[in-house]
Structure formats: structure tokens, C-alpha cells
Amino acid sequence: MKAYLVATLLGFLLGLNFIDFASSVGSKTYETNNGFPINFLNDLVNSDVVQRKISSRWRWEVWDVVPGTHAYQLYVFNITNPDEVEKGGKPSLQQVGPYYFKEYRYKFDVSMNLDLSVNFVRNYTYTFDPNDSKGSANDMVNVINVPFVIFSTLAAKYGSDTTKINQVVSALVASGESLVKKNVKVQDFLFEGMDVSKYQKYLNLMGPSTWVTDEFRDGRYGVLKLKNGVHEGSYTVDSGLKSEKGVGKILTYNELPSLTYWNGDKCNAIMGSDGSVFPPHLKTSDKLTMFEVDFCRSIDFEYAEEVQYKSVMGSKYHVGKDVLQDPSINPDNQCFCSKNNSIDACLKEGVLDVSPCQFGSPFVMSYAHFLDASPEYQQGVVGLKPDPKIHETYVTVELVTGAVLAFHKRYQWNIWIKPIAGIDYFSKFKSTIVPILWNDDIFKLDADKEELLMEELARQAGGMGGGAPQPSQSHAHIHIAMLIITALYLFRN
Ligand SMILES: *[C@@H]1O[C@H](CO)[C@@H](O)[C@H](O)[C@H]1NC(C)=O
Ligand SMILES: *[C@@H]1O[C@H](CO)[C@@H](O)[C@H](O)[C@H]1NC(C)=O
Ligand SMILES: *[C@@H]1O[C@H](CO)[C@@H](O)[C@H](O)[C@H]1NC(C)=O
Ligand SMILES: *[C@@H]1O[C@H](CO)[C@@H](O)[C@H](O)[C@H]1NC(C)=O
């Protein structure tokens, strides 16, 4: 009965055909919890009629379906002097690629909470596209033997018996493992995984670290294997229904309101959106803040310049200079040092030790080719040529709607090679941050969404110019909020 009543009210508010709506909502019975019907709100928001209605709002249109094309271009660093590196020499790197992967993004298990925030789980999948790649996924490269380095580092960190671990690493070396792995297929290095079955029998040395067990599952380890088709994380974000300034703001990540990786609240704060949506009516003095999963932190982008994106005027934002600033210059960054805020344990400008969020694996993130990093990192290897034109990271947004028009996120994945206490094999290596690959994560708004955006801009301009906007379109979000409040009111009683 009550569901019908709400449906009528709803129909009235949204100017909908009642039959239409009742057929999707009114005919269903709901279990109740504390007088409130479970799943009713979800069904409401997900029902076709409501979806059609709210989709007239730009940000609701982009909410569920990604409004453009994502590509993940990967460049791999091929080590051309593996034998020298094995003896402790400086790595000579040759960039190969791009290997082009089509990226599909899904939001799973979307549901709405009573405070109008939205929960979802993210899932990305990557499929190789030979047409847009330079080279084949079967290309052979010499790469840092990432699973070997991870295994040795974590065994030394978590294992109890150092002598035993040293013996195990020696046995692995005798069986053919080494710092550089020669002739690895690019696709195995990235997503498919290299054979690590010989490590299985030693995994108990890791103590309680089940992470390595996960990473080495199926006897294969790929640097990006667990990024593909796996739950990336669960989010609760502000829907913007209460205040549009909040739209997209991440409220919790994996059920927690802040991170636990870093040495301080400032560094652990989850700020901004996931980068797919920003609040409308932005000013160039506003920073754009987004949470970057690969960096395990939030990153600020600052306005740089106006750019034309197809028919839309966009604003280009660069990564803020202070984001990866040397902690001895920018004390705000000290809490990102994994070693208890002591300055000599911190890395310098332009790199971020992400081992705290990789269970101690020595991963370091930077911009492509160590762009904007301390020169000592570029000089630790041979073959890098940082160039802002091809390596910079930026986001282009349309300020009135907050719509993302395009972005290039160019992030480099590095492994920190250094002596590992108690393990003889690693004693000959100089402490060096060695690049293994960089990604150019690309987004371009689709042409049909560009049209929709132009309509939205025209409508907003019309509204501001005095012409009354169509209430059913411009205030759809208010209607949705009202109907939810109405529903709450009715069912609470
Ligand atoms: C990687 O470097 C090795 C050694 O120089 C070379 O034989 C191989 O062809 C390179 N791989 C690619 C994909 O260029
Ligand atoms: C590559 O191009 C061919 C011919 O144009 C096309 O049939 C094929 O679907 C393309 N492959 C991908 C993965 O896009
Ligand atoms: C992620 O999406 C892909 C493609 O739809 C699917 O095959 C895979 O099972 C999904 N993964 C999870 C953990 O839901
Ligand atoms: C340093 O790290 C240890 C162990 O992780 C912790 O117990 C201690 O509180 C930290 N000290 C500071 C000043 O953060």
C-alpha cells in the first residue's frame, strides 16, 4: 500500500506516468527493518524511470557509465646490460612500447545509504589491443625479477630465521633466479604473470603475510596481475544530492574513513573524489583533489591554463608542485616517509615509497622518466629523458559542470634495489630506484557525451541569463532528494 502511495507522490514530483513507475516499484514487496523497507531506495534509484529522469543531469549521466574512452598505455623498461647489473653495475634502460590496453571500468554493487551517500565496488579490466600497440605482447624483455626481490625483501622482514632465509635465497639463485630475469614476455611481466611456482614451498617463511600468498597465487606473478578483473576496493562517496559541492567526495575506502599506511593524519586523510567527477561551478583558484589508488594517497591538481577541448573550453590542471616535494623542504610530506619521520630515511623530491601499502614490498612511485624528481634518481640508471611534453600528468575539466574532458596520468613504477640485511646475494647491489614500467592512463570524453555536455552548458547559461530552466530537468536532483525524504517519512511511520 505504502509503496503505491510513494509511487504516486513520486510520479507527481517527477511528472511520470504512474503506471510506468508502479510496474517497476509498486508491485514488489519489501522486507522491513525497523519499519523501513530494505532495498526500496536502491530499487527506486535504480528503476528505469528514475534513471531516465536523473540522467538528464550531467553528473548522474556519468555516474554509472563512464562517459568516454579509457586506455592504458604501458611502457616497459628493458634492461640491455643484464650481466653487468647482475654484478652490481648501473642498469641501462631501453623503453619499449607502448603496449596498449583497453580499460573497462565497472562499478559493482551500487547501493544508496539513508544519508544519500552511495556505495560501490570498483573493478577494472584490461585487454590487450595489438592495433594501437607498438610491438607485440609476446615481445621479450629483460626485467628486474620483481617476485624474487619481493620474496627476498619480505622473507627478511617477516621471517624469523635469517640463516634459513639466506639459504633459501641461495638455493633460489642456484636454481636460476637472479636480480634480472632475461627473456620475459611483456604480457607475463604485466598481467599474465611469470612462473613463480618454485616459491610456493617457501611461502611459510613469510609468517603471517598472506599478501605474498595472494600475489603468488596460481604460481604466477605479474606486476599488474591483481589490477585486472579484481575488486580494486569498495567506496562510499557523496552523491551530491544534499549539496552539489560534495559530489563525488570519497567518504570511505574499504570501509575506513582514512588510510592506515602513513605516519600521520594529514597523509592518511582520504581527500577528494576518485577523479571521475568533480563538483560543478569550479573556480580556477580551487584545487582538484583526487584519491590515487596506485599512490595510496590523495593528490592535488592545480590550475595551469585554459585549453580548447574539441568544442568545449576546458581548464587544464597539473599535479601540484608540493605533492612529491622533498620532505626536508615541505614538512607536510614527512608523514609519507615510511621510517618514522626521520629526515634521513625519507626519499628526495619526486618519488614516493609506497611499500607501506604494499605490505613492505619495495615499490616506489614517481612520474614518468623521473620527471620533476631529484637528479640523483635519473642518474641512478642510464636511458631516461624526462620531457614535460610527453611525461607530464594533467586533467582537463569543464569548470561549470565539473565534467572531466580528458586526462593523462603518467605514473612510473619503480623497484628499490638495495642490500637486504642477512641476505648475501643482495650485498653487492648499490641502493638504486630502478624504473620497471610507466603507465599513460588516458581518458577522452566521448563525442555523444560532449554533445550532452554542450546541452547542459547551454541550459545553465540560459538559466543564468534569466530564462527559467525546465524544472523537471534542472532540479531533478532536488526531486530525487525530496522523493527519498518522502519515502522515509512514509515508511518511518
Ligand atoms: C630488450 O633488450 C634485449 C637486449 O638488448 C634485446 O635483445 C631485446 O630485443 C629487447 N627487447 C625489445 C622488445 O626490444
Ligand atoms: C584490430 O583491427 C582489425 C582490423 O581493422 C579489427 O578487425 C580488430 O577488431 C581490431 N582489434 C581490436 C582489439 O580492436
Ligand atoms: C570484474 O569484471 C570482469 C568483467 O566483467 C569479470 O569477469 C570479473 O569477474 C569481475 N571481477 C569481480 C571480482 O567481480
Ligand atoms: C615509529 O614506529 C613504531 C613502530 O611502527 C611505532 O610504534 C612508533 O609509535 C613510531 N613513532 C613515531 C614517532 O611515529
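Numbering of ligands and ligand atoms starts at 1, following listing order.
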Exercise for the section: Step by step, work out the side-chain contact (heavy atoms from CB on, under 4.5 Å) result for S170 and Y425. Expected result: CA-CA 7 Å; S170 300; Y425 176 79; over 6 Å; no
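Scanning the protein heavy atoms around atom 14 (O) of ligand 3, the nearest turns out to be H231 NE2, 3.4 Å. Closest to atom 4 (C) of ligand 1 among all protein heavy atoms lies N142 ND2, 3.8 Å. In terms of protein heavy-atom proximity, atom 9 (O) of ligand 3 is nearest to G229 O, 4.5 Å. Scanning the protein for heavy atoms near atom 13 (C) of ligand 2, the closest one is D129 OD1, 3.6 Å. The protein atom (non-hydrogen) at minimum distance from atom 2 (O) of ligand 2 is N131 ND2, 2.2 Å.
For the pair V230 and ligand 3, the shortest N or O to N or O distance does not fall below 3.5 Å. Looking at N123 next to ligand 3, an N or O pair under 3.5 Å apart turns up.
For atom 6 (C) of ligand 1, the choice among N78, L93, V143 with the nearest heavy atom turns out to be N78. Between K185, Q94, Q95, M140, it is M140 that holds the heavy atom closest to atom 11 (N) of ligand 1.
For Y411 and F295, the gap between ring centers is short of 6.0 Å. Taking the ring centroids of H70 and Y126, they lie at or beyond the 6.0 Å cut-off.
Shown in contact with V96 at under 4.0 Å from a heavy atom are these atoms of ligand 1, numbered in order with element: 12 (C), 13 (C), 14 (O). Counting atoms of ligand 3 from 1 in the listed order, those under 4.0 Å from a heavy atom of T125 are 2 (O), 3 (C), 4 (C). Heavy-atom proximity to K102, at under 4.0 Å, picks out these atoms of ligand 2: 12 (C), 13 (C), 14 (O).
When only modelled atom types and interatomic distance are considered, E177 and N145 share a side-chain donor-acceptor pair under 3.5 Å.
By the 30° and 60° cut-offs, the orientation of the rings of F216 relative to Y199 is perpendicular.
F191 does not carry K225 over the face of its six-membered ring by the limits of under 6.0 Å from the centre and within 45° of the normal. Cation-pi check for R297 over F291 is not met; the charged atom does not lie both under 6.0 angstrom from the ring centroid and within 45 degrees of its normal.
Looking at every heavy atom in both residues, V76 comes nearest to V143 through CG1-CG1, 4.2 Å.
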